[in-house]
Amino acid sequence: MNRVYMDHSATTPVAPDVTAAMVEALNQSWGNPSSLHSIGREASRLLEKARQQVAGLIGAQTSEIVFTSGGTEADNLAIIGSAFARQGRGRHLITSSVEHHAVLNAFQFLARSGFEVTILPVDYYGQISLDSLKKAIREDTTLISIMHANNEIGTLQPVREIGELAHEHQIVFHSDAVQSVGRIPINLSDLPVDLLSLSAHKFYGPKGAGALYMRSGVKITPLTHGGGQEKKWRSGTENIPGIVGLGKAAELITGSLQEHVIHLNDLGSELIGRVVNEIPQAYLTGHPRNRLPGHASFVFPGVEGDSLVTFLDAEGFAASSAAACSTNSFSASHVLRALGLKNEVALGALRLSLGKDNSREDIEGLMKVLPGLVEQSRLIWSLSQA
Ligand code: PLP
């Protein structure tokens, strides 16, 4: 069966040139970058080359890139590290209700450790309001963390305005940009963000490799204590093959980002238009315009999202829902509930996230089966509730 992958917000396939660079690094540059001899120096050269490649993708200085094991670690390092480093100034922190768990659970940990956390609500499209942010800021606020693009609903937040507001009050601004780096142009030399998380596996690189951008002069408390690698921000011998893969993926996407965005915008608009027009009671979730290119998320009331995903898989289409199934009950995702959707509506979520290899034919193929599968899922759900 010809399989069509439409789940690029979960992860992306590794680009063949990335695999080749990683294999070469594994075979030929296995030295420890901290060693003084030439074998170590070769590993160190690759490390610094990758730093340049990542910095190039986001308009940063090479000295501002700290390699991590991925987006989750970058988020934790930014949030917990910044809260601890600035606690002498205050212990109040601000985030939003639609963040990824890598952010929300880091804040939960801080709340248990004596910090006060304000969680901003979002509107129906998943955006925070700048007014409510203004009202939440206090004398003792030290950190604002608001994601750039939401993984479930694709909505983009007004990061420039948030950053400007944060800086007016000398507050550090972190943004989880795991979904947006490599998917939309980001230029940190012209964006008021102090800390930014990214992850290689969202832009055709390997899993387990990511980075935290730390604007020059911003201080955090390190979370790992050891050999002092990454200028003491992140101790531990560097994962050279993973970092090489991250660097190569960054270089490749930098060169093709413009056309990538156009391609994803075209396909995404077509997919959204067709689903909303051709399937009864199909609603787009997230912002209709301010959203990630190629990200299409919906709710179909009366459908159970997980079973729809299973039916789609049987037809050769990889997609995702947003519901978490616990032992004996279904609960909708925290993001969809934050939009104000009722649990029974939010349970019928479907996320289709497109990538560079998707085509019009893929959408054509999907639309041949999706309307029927939604109808079938509705029937099953209504029978199960009877
Ligand atoms: N933040 C967001 C918005 C994400 O979508 C993800 C992964 O899906 C993460 C953080 C975690 O990144 P990683 O899988 O690299 O740990």
Side-chain angles (χ1 to χ4, degrees), residues 5-14 18 54 57-58 65-81 95-109 119 122 126-128 145-157 159 162 174-184 186 193 195-213 223-224 234 236 239 242-243 245-247 249-250 253 285-287 290-297 318-324 333-336 338 349 351-355:
Y5 188 74
M6 293 187 166
D7 200 12
H8 293 79
S9 282
T11 197
T12 54
V14 180
V18 169
V54 173
L57 172 59
I58 56 174
I65 304 298
V66 176
F67 291 118
T68 66
S69 65
T72 300
E73 188 191 334
D75 283 341
N76 275 264
L77 182 57
I79 294 164
I80 300 173
T95 188
S96 87
S97 56
V98 291
E99 301 295 315
H100 190 273
H101 282 120
V103 167
L104 282 179
N105 290 348
F107 276 106
Q108 235 172 55
F109 164 77
I119 300 181
V122 293
Q127 280 187 323
I128 64 145
S145 177
I146 304 286
M147 72 201 315
H148 191 193
N150 186 274
N151 44 309
E152 287 184 35
I153 56 172
T155 296
L156 299 172
Q157 299 288 354
V159 282
I162 297 170
H174 165 250
S175 189
D176 174 345
V178 166
Q179 287 290 329
S180 54
V181 169
R183 210 124 147 220
I184 47 178
I186 293 176
V193 175
L195 298 163
L196 179 133
S197 312
L198 61 92
S199 179
H201 76 103
K202 306 294 183 177
F203 53 94
Y204 308 96
K207 286 157 219 20
L212 177 64
Y213 158 83
L223 304 185
T224 43
R234 201 276 187 180
N239 165 16
I243 291 170
L246 163 62
I253 208 82
T285 53
H287 203 283
N290 294 330
R291 61 183 302 130
L292 274 178
H295 188 292
S297 52
S320 90
S321 71
S333 87
H334 69 285
V335 174
L336 297 178
R351 179 184 72 183
L352 301 159
S353 43
L354 305 175

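Ligands are counted one by one from 1 in listed order, and the atoms in each one are counted from 1 as well. Owing to the predicted nature of the structure, the values given are computational and were not obtained by experimental measurement.
When the options Ser180, Ser197, Ser199, Ala149 are ranked by their closest heavy atom to atom 15 (O) of ligand 1, first place goes to Ser199. The heavy atom nearest to atom 6 (C) of ligand 1, considering only His100, Glu152, Gln179, His101, is found in His100.
At a heavy-atom distance under 4.0 Å, no atom of Lys207 approaches ligand 1. The side chain of Met147, and not its backbone, has at least one atom closer than 4.0 Å to an atom of ligand 1 (non-hydrogen atoms only; side chain from C-beta on). When heavy-atom distances to ligand 1 are checked against a 4.0 Å cut-off, Val103 has no atom that comes that close, whether in backbone or side chain. Both the backbone and the side chain of Thr72 come within 4.0 Å of ligand 1, counting heavy atoms alone.
Note that CG of Asp75 and CD of Glu99 are 8.5 Å apart. Values are rounded to the nearest 0.5 Å. Distance check, rounded to the nearest 0.5 Å: OG1 of Thr11 to CZ of Phe203 gives 11.0 Å. Here CD1 of Ile146 is found 4.5 Å from CD1 of Ile128. Values are rounded to the nearest 0.5 Å. The OG atom of Ser297 lies 9.5 Å from the CG atom of Leu292; values are rounded to the nearest 0.5 Å. To the nearest 0.5 angstrom, Gln179 atom CD is 4.0 Å from Ser9 atom OG.
For ligand 1, the atoms lying closer than 4.0 Å to a non-hydrogen atom of Gly70 are 15 (O).
If you check the side chains of His174 and Ser145, you find a donor sitting under 3.5 Å from an acceptor.
If you check which protein heavy atom lies closest to atom 1 (N) of ligand 1, you get Asp176 OD2, 2.6 Å.
Taking any N or O of His201, backbone or side chain, at least one lies under 3.5 Å from an N or O belonging to ligand 1. When only interatomic distances are considered, the shortest N/O to N/O separation between Gly71 and ligand 1 falls below 3.5 Å.
Panel note: side chain Thr285, backbone Ile153; no donor-acceptor pair is recorded below 3.5 Å.
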